Amino acid sequence: MPLIQIKAIEGVFTKEQKQEVVRKLTDTMVAIEGEALRPYTVVLFEEISSGSWGIGGNTLETADVESARCGR
């Protein structure tokens, strides 16, 4: 049974976007291993609280991700 783990900062993805990620990752796994694997493919989408994620020695918050998304 495949387990795909996604970790993201809270508030970055909408409910609809998370659903799309889960669907597309499941579809990708099925494309590799076959349709029979679909009911056994688990995708865990875990949200990490804003400020609890660090990159390059600095904490990263939801607003930082939003800024990067907009190219600011």
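Every value quoted in this text rests on a predicted model; they were computed, and no experiment measured them.
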Would you say the side chain of [Y] lies within less than 4.5 Å of the side chain of [X], judging by non-hydrogen atoms?
X    : Y     : value
Ile6 : Leu25 : yes
Ile4 : Leu44 : no
Ile9 : Glu61 : no

> Got a second to check how far Ile48's CD1 is from Thr62's OG1, nearest 0.5 Å?
Replying inline: 11.0 Å

> To the nearest 0.5 Å, what is the distance between CD (Glu33) and OG1 (Thr28)?
Replying inline: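 One gets 12.0 Å once the value is rounded to the nearest 0.5 Å.
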
> Do you reckon Val21 sits in the same ILVMFWY cluster as Val30, going by side-chain contacts under 4.5 Å, direct or chained?
Replying inline: no

>> Quick one, Val42 with Met1, criterion side chain to side chain contact (heavy atoms under 4.5 Å, CB included). Give me CA distance, side-chain angles, the key distance, then yes/no.
In response: CA-CA 7 Å; Val42 176; Met1 168 171 27; 3.6 Å; yes

>> Working note: Lys18 + Glu47, criterion side chain to side chain contact (heavy atoms under 4.5 Å, CB included); need CA distance, chi angles, decisive distance, verdict.
In response: CA-CA 11 Å; Lys18 286 188 267 187; Glu47 291 187 294; 3.3 Å; yes

>> Quick check against the 3.5 Å criterion: does Thr59 have a side-chain atom that pairs as donor or acceptor with the backbone of Trp53?
In response: no

>> Under the rule for side-chain hydrogen bond (donor to acceptor under 3.5 Å, both in side chains), what residues qualify as partners of Ser49, not counting sequence neighbours?
In response: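 For Ser49, the residues satisfying side-chain hydrogen bond (donor to acceptor under 3.5 Å, both in side chains) (neighbours in sequence not counted) are Ser52.
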
> For residues 1-16, which residue pairs qualify under salt bridge (charged side-chain N to carboxylate O under 4.0 Å, His left out), counting only residues two or more places apart or in two chains?
Replying inline: Lys7-Glu46

>> Determine whether Gln17 and Val12 satisfy the following criterion, side chain to side chain contact (heavy atoms under 4.5 Å, CB included), listing intermediate values before the conclusion.
In response: CA-CA 9 Å; Gln17 288 171 320; Val12 171; over 6 Å; no

> Taking all atoms of both residues into account, what is the closest heavy-atom pair of Leu60 and Asp64, and its distance?
Replying inline: CD1-CB, 3.4 Å

>> Can you list everything that forms a ring pair (Phe, Tyr, Trp, His ring centres under 6.0 Å) with Phe45? Sequence neighbours excluded, please.
In response: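 Phe45 satisfies ring pair (Phe, Tyr, Trp, His ring centres under 6.0 Å) with Phe13 once adjacent residues are dropped.
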
